[in-house]
Q: 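Sharing a structure below in structure tokens format, with a few things to ask.
The residues of the chain are indexed from 1 along the displayed sequence. The figures here come from the full heavy-atom set of this structure, side chains too, leaving out hydrogens, waters and symmetry mates.
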Amino acid sequence: MIKAANAASVGLVPTMGALHEGHMSLVKRAVAENDLVVASVFVNPTQFNDKDDLARYPRTPEADIEMLQDAGCNIVFMPDVEEMYPEEDTRVFDFGALGNVMEGRFRPGHFNGVAQIVSKLSYAVEPDNAYFGEKDFQQVAIIKAMVKQLDLKVRIIPCPIVREKSGLAKSSRNMLLTDTQREKAVLISKTLAASVAMAASKPVNEVHDWVVGQFASDPEFKIDYYDIVDGDSLQSVSDWNDSDYIVGCIAVYCGKIRLIDNIHYKG
């Protein structure tokens, strides 16, 4: 257990390492808003439904520690698998419709693993506030639901996506891209940005089909999904008037590397 009895407020930034400026934006916000900040670095095996993806996930522990120290983080919690899972975690969470779409559909078991590790970290750290990037839009919704289910006394704080100069959303997986793939992957953010302007005059189905079509001509890309959803329920909308909060969420492979991104149309 991590004790912080003397801190008036504790901020937690859960990460899987291979840190970048997006993570640092979470840490810096946590530092500004809390008396003590704990960042965890742990590649959680229970949220990977692809063993190759787990093995391939980048790990840079020494660089991570240095970045966290420079950002003002007070405690770096870097456990091994045996410490977090001394025995198998058999808990099964039911997130209903929130967990059955998008990432939940294409990565079965993923969000159950996310809920397992975030709850374990919350019990260990007992934070007042926990910070998550909005690039993982569905994950934030799932974690909020998990907090309610377990009645955890932590406030979940979503933080804006941090992008590279090209527009590509910052991701630890970006370092696995070749230089050519990295240039091509910019198409994701460019397409989403262009679709916002299109949404002013085109119906939902046409915007959806146009976005998907942008990736059809290059065999380097393979789309898992592109959904235009209500930002709260995560269910697909068919009309721009269906909700005051509409978000477009995409998952696309560039080569073997799976990238996600999202953009707000309303709200």
Q: Provide the full list of side chain to side chain donor-acceptor pair (under 3.5 Å) pairs with a residue in residues 165-177, sequence neighbours left out, each pair given once.
A: E21-K170, D53-R173, E164-N174
Q: May I have the list of side-chain donor-acceptor pairs in residues 185-192 shorter than 3.5 Å, sequence neighbours left out?
A:
residue: S189; atom: OG; partner: G167; partner atom: O; Å: 3.1
residue: S189; atom: OG; partner: V186; partner atom: O; Å: 3.2
residue: T191; atom: OG1; partner: L187; partner atom: O; Å: 2.7

Q: By side chain to side chain contact (heavy atoms under 4.5 Å, CB included), which residues pair with E183, not counting sequence neighbours?
A: none
Q: Transitively linked via ILVMFWY side-chain contacts under 4.5 Å: Y85 with V114?
A: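 In one cluster with Y85: V114, yes.
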Q: Please identify each residue that fulfils side chain to side chain contact (heavy atoms under 4.5 Å, CB included) with D70, with sequence neighbours left out.
A: E66
Q: Can you list the residues that meet the side chain to side chain contact (heavy atoms under 4.5 Å, CB included) rule with M78, with sequence neighbours excluded?
A: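 Side chain to side chain contact (heavy atoms under 4.5 Å, CB included) list for M78, sorted by chain: V41, P61, I65, V76.
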Q: When the ring planes of H20 and H23 are compared, do they come out parallel, tilted or perpendicular, using 30° and 60° as the limits?
A: tilted
Q: Hey, could you give me each pair passing side chain to side chain donor-acceptor pair (under 3.5 Å) that has a residue in residues 239-249? Not counting sequence neighbours.
A: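 Qualifying pairs, neighbours excluded: D230-S243, S238-D242, D239-N241.
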Q: Using a 3.5 Å distance criterion without hydrogens, assess whether the side chain of K266 forms a donor-acceptor pair with backbone atoms of V247.
A: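 Here the side-chain-to-backbone pair does not exist.
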Q: Do V27 and I161 belong to the same hydrophobic cluster, where Ile, Leu, Val, Met, Phe, Trp and Tyr are linked whenever their side-chain heavy atoms lie under 4.5 Å apart, directly or via other members?
A: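 As far as the 4.5 Å side-chain criterion goes, I161 and V27 are not connected within one cluster.
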Q: For residues 203-217, which residue pairs qualify under salt bridge (charged side-chain N to carboxylate O under 4.0 Å, His left out), counting only residues two or more places apart or in two chains?
A: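 Pairs touching residues 203-217 that pass the test: none.
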Q: Is the shortest heavy-atom distance from the side chain of L68 to the side chain of T15 under 4.5 Å?
A: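 No. Closest side-chain heavy atoms not under 4.5 Å.
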Q: Are I250 and I142 co-members of a hydrophobic cluster defined by side-chain heavy atoms under 4.5 Å apart?
A: no
Q: With clusters defined by side-chain heavy atoms of hydrophobic residues (ILVMFWY) lying less than 4.5 Å apart, directly or transitively, does V196 cluster with I228?
A: yes
Q: Output a table of donor-acceptor pairs, distance under 3.5 Å, between side-chain atoms of residues 127-136 and any protein atom two or more places apart or on a different chain; print 'none' if there are none.
A:
residue: D128; atom: OD2; partner: V10; partner atom: N; Å: 2.7
residue: N129; atom: OD1; partner: R155; partner atom: NE; Å: 3.1
residue: N129; atom: OD1; partner: R155; partner atom: NH2; Å: 3.4
residue: N129; atom: ND2; partner: N34; partner atom: OD1; Å: 2.8
residue: Y131; atom: OH; partner: E33; partner atom: OE1; Å: 2.8
residue: Y131; atom: OH; partner: N34; partner atom: ND2; Å: 2.8

Q: With the side chain counted from C-beta on, respond yes when I75 and L36 share a heavy-atom pair under 4.5 Å apart, and no when they do not.
A: yes
Q: Under the 4.5 Å side-chain heavy-atom rule for ILVMFWY, direct or indirect, which residues accompany V43?
A: M16, F48, L54, Y57
Q: Is it the case that one hydrophobic cluster holds both V13 and L121, taking links as side-chain heavy atoms less than 4.5 Å apart, direct or via other members?
A: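 No: no chain of side-chain contacts under 4.5 Å links V13 to L121.
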Q: Identify the two heavy atoms, one from P158 and one from R29, that lie closest to each other, and give their separation to 0.1 Å.
A: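 Heavy atoms of P158 and R29 come nearest at O-NH1, 3.6 Å.
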Q: Could you pull out the closest heavy-atom pair between F137 and C249, with the gap in Å?
A: CD2-SG, 4.1 Å
Q: Could you tell me whether the side chain of D35 and the main chain of S9 form a donor-acceptor pair under 3.5 Å?
A: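 Yes, D35 side chain to S9 backbone: donor-acceptor pair under 3.5 Å.
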Q: Check whether Q181 reaches the backbone of T178 with its side chain - one donor and one acceptor, N or O, closer than 3.5 Å.
A: yes
Q: Can you list the residues that meet the side chain to side chain contact (heavy atoms under 4.5 Å, CB included) rule with M67, with sequence neighbours excluded?
A: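 If we apply the side chain to side chain contact (heavy atoms under 4.5 Å, CB included) test to M67, skipping adjacent residues, the hits are L19, M24.
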Q: Give me each pair satisfying salt bridge (charged side-chain N to carboxylate O under 4.0 Å, His left out) with a member in residues 73-84, each pair once, sequence neighbours excluded.
A: none
Q: Which pairs of donor and acceptor atoms, one on a side chain in residues 97-110, lie under 3.5 Å apart (sequence neighbours left out)?
A:
residue: N100; atom: ND2; partner: G96; partner atom: O; Å: 3.0
residue: E103; atom: OE1; partner: R258; partner atom: NH1; Å: 2.8
residue: E103; atom: OE2; partner: Y225; partner atom: OH; Å: 2.5
residue: E103; atom: OE2; partner: R258; partner atom: NH1; Å: 3.2
residue: E103; atom: OE2; partner: R258; partner atom: NH2; Å: 2.9
residue: H110; atom: ND1; partner: Q47; partner atom: O; Å: 2.8

